[in-house]
2 protein chains.
Amino acid sequence: MRISDAITAYILHRMEETGDGTAELQRNVLAEQLGCVPSQITYVLTSRFTPAQGYIVESRRGGGGYIRIQRVKWEPDLPPLMHVVNSIGEELVPAAAQAILENLVSQKLLRPETARVIGAALTDQAYRQIPADQRDKLRAALMKQMLTAVNV
Amino acid sequence: MRISDAITAYILHRMEETGDGTAELQRNVLAEQLGCVPSQITYVLTSRFTPAQGYIVESRRGGGGYIRIQRVKWEPDLPPLMHVVNSIGEELVPAAAQAILENLVSQKLLRPETARVIGAALTDQAYRQIPADQRDKLRAALMKQMLTAVNV
DNA sequence: TACTCCTGATAGTCAGGGAAAGTCAAAGTC
DNA sequence: GACTTTGACTTTCCCTGACTATCAGGAGTA
C-alpha cells in the first residue's frame with residue numbers, strides 16, 4: 001500500500017464529503033495524520049491533481065496557510081474541452097495553439113473574448129525572458145491550465 | 001483563523017456600507033475591537049490595500065487622526081483596462097494578481113469567466129518549470145498581455 | 001492678539017520570531 | 001526506467017512590541 005494512494009484516497013474522500021467537489025487541507029496536519037513527510041503531499045498534488053486530470057490546486061503559505069483542491073465540473077456540452085486538454089502534449093507550438101483556439105471558437109465551445117485572452121498568453125511576445133527551448137513546454141502548461149479554468 | 005482576514009473583511013464591509021467605496025477608521029479603535037495590536041492594521045493595509053491592488057490609503061496622525069481607504073474608480077474612458085495594465089510593474093506576485101482580478105470583476109470590467117482564465121495562467125501551478133526567481137516577471141508580462149487582449 | 005512651547009493622542013516603522021507551504025536532489029522501490 | 005519517498009533548506013505570510021514621527025489644542029508669555 002503506497003502512501004501516495006492513501007493521500008489520493010483521502011483527498012477524494014474529502015471532496016465527496018464536502019459535496020461541492022472541493023477539499024481544503026493543511027499540509028503538515030495531513031502529513032502528520034498519514035504518517036509521511038509534508039513534501040509527500042506536494043508530490044501527490046503535482047502528480048495526480050493536475051489540470052490535465054481535471055483539478056485546480058491553490059494554496060497559501062504562512063500562518064493559517066492551506067491547500068485547496070477543486071475538481072472541475074464539466075458541463076454536459078463541454079467535455080470536448082477536456083479532450084482538447086488531454087490531447088495537448090508536453091509541448092505546444094504557437095501555430096497549433098492558435099489553430100486549437102480558432103477551432104474551439106468556431107465550435108462555440110469558447111467565447112471569442114476568452115479565446116483572445118488565452119491566445120495572448122500563448123504568444124512568444126510574452127515569453128521574452130524565457131529561453132526559446134522552453135517556451136513550447138510553458139505554452140502547453142498554460143494552455144491546459146487556462147482551458148481547465150474555463151468551466152470551473 | 002487569521003486576524004488579517006477579519007480586518008480585511010471589516011474594511012471591505014465598511015466600504016460597502018458607505019456606498020461610495022470609502023472606509024474611514026481609527027487604527028487604535030479597530031485594533032481594540034478586533035483584539036490585535038495596532039500595527040497589525042498597518043500590516044493589512046500595506047499588504048492588501050496597495051495601489052497596485054486598486055486602493056488608495058491616506059491617513060493622519062495625532063489627535064483626531066484617522067485612516068481612510070478608498071477603492072480606485074477606473075475611469076470609464078477607453079481603453080478601460082489600460083490603467084490597470086500601466087499600474088503593473090515589472091513583477092507581480094500571485095496575491096496581488098488575484099486581488100487585481102477580484103477588483104476588476106467587482107467593478108464589472110471583467111467577466112468572472114475571463115478572470116478565472118487569467119487567474120489560472122497566473123498561478124505558480126503553471127510555472128513549475130520556470131525558475132522561482134523569474135516567475136513574478138513572467139506573471140507581470142502575462143497579465144499585461146492578457147488584459148490588453150480583453151478589449152481589442 | 002500673536003507667538004512659542006508643552007502634552008496627549010494618534011499613526012508609522014522596523015526587526016524579529018513563528019507558522020505554514022514550496023523546492024530540489026538524493027535515495028529507495030517495483 | 002519510472003515512480004515514490006525522504007529531509008534539509010527556502011520562501012512566504014502573519015503577528016507582536018518597542019520605538020519613532022506627527023498632529024491638534026491648550027498653557028504660558030508678552
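Numbers restart at 1 for each chain; the letters A, B, ... are given by sequence-line order, proteins then strands.
- Taking 4.0 angstrom as the limit, B:R128 places a side-chain polar atom (N or O) nearer than this to OP1 or OP2 of C:dT23.
- Applying the 4.0 Å criterion to OP1 and OP2 of C:dA11, one finds that B:N28 has a side-chain N or O inside that range.
- Along DNA chain C, the nucleotide nearest to B:Q125 and the one nearest to B:Q26 differ in position, and the one closer to the 5' end is contacted by B:Q26.
- Taking each heavy atom of B:D136 and B:P94 in turn, the nearest pair found is OD1-CD, 4.0 Å.
- Each of B:G63 and A:V57 was assigned the nucleotide of DNA chain C with the nearest heavy atom; the assignment lying further toward the 5' end belongs to B:G63.
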### Audit row: A:L138, B:L138, side-chain contact (heavy atoms from CB on, under 4.5 Å) steps and yes/no
CA-CA 11 Å; A:L138 175 60; B:L138 174 60; 3.8 Å; yes

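- Counting any heavy atom pair closer than 4.0 Å across all strands shown, B:S47 reaches no nucleic acid atom.
- When the C1' atom of C:dT13 is taken as reference, atom CD1 of B:I41 falls 16 Å away, rounded to whole Å.
- Between A:Q40 atom CD and C:dA27 atom P the separation is 18 Å, expressed in whole Å.
- A donor N or O paired with an acceptor N or O is found under 3.5 Å between the base of D:dT11 and the side-chain atoms of A:R61.
- Applying the 6.0 Å contact sphere to CD of B:E24 captures more than 12 heavy atoms from other residues, nucleotides or ligands.
- In this structure, B:L45 places its CG atom 13 Å from P of D:dC14, rounding to the nearest Å.
- Considering A:L12, A:I56, A:I67 in turn, A:L12 is the only one that fulfils the side chain to side chain contact (heavy atoms under 4.5 Å, CB included) rule with A:F49.
- The listed nucleotides are D:dG17, D:dG7, C:dT10; the one nearest the side chain of A:V37 is D:dG7.
- Taking 4.0 angstrom as the limit, A:S59 places none of its side-chain polar atoms (N or O) nearer than this to OP1 or OP2 of C:dA20.
- At whole-Å resolution of the value, CD1 in B:I67 and P in C:dT13 are 11 Å apart.
- Here the P atom of nucleotide C:dA20 and the CG atom of B:D5 are 14 Å apart, to the nearest Å.
- For the pair B:R27 CZ and C:dG12 C1', the interatomic distance rounds to 6 Å; values are reported in whole Å.
- When the C1' atom of C:dA21 is taken as reference, atom CZ of B:R135 falls 13 Å away, rounded to whole Å.
- Residue A:C36 is the one, among A:C36 and B:V93, whose nearest nucleotide of DNA chain D lies closer to the 5' end (criterion: closest heavy atom).
- One atom, CZ of A:R60, and another, C1' of C:dA19, lie 13 Å apart when rounded to the nearest Å.
- The shortest distance between the side-chain N/O atoms of A:S4 and the OP1/OP2 oxygens of D:dT5 is below 4.0 Å.
- Distances from the side chain of A:R48 to the nucleotides D:dT5, D:dG7, D:dT4 place D:dT4 closest.
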### Task
Decide side-chain contact (heavy atoms from CB on, under 4.5 Å) for A:R27 and A:T42; before the verdict, give the C-alpha distance in whole Å, the side-chain angles of both, and the deciding distance to 0.1 Å.
CA-CA 8 Å; A:R27 197 180 74 151; A:T42 306; 2.9 Å; yes

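- Contact annotation: B:T42 does not reach the phosphate of C:dT13 (side-chain N/O to OP1 or OP2, under 4.0 Å).
- Side-chain polar atoms of A:N28 and A:E32 form no donor-acceptor pair below 3.5 angstrom.
- Counting only heavy atoms from C-beta on, A:Y43 has its side chain closest to D:dT4 among C:dT10, D:dT4, D:dC14.
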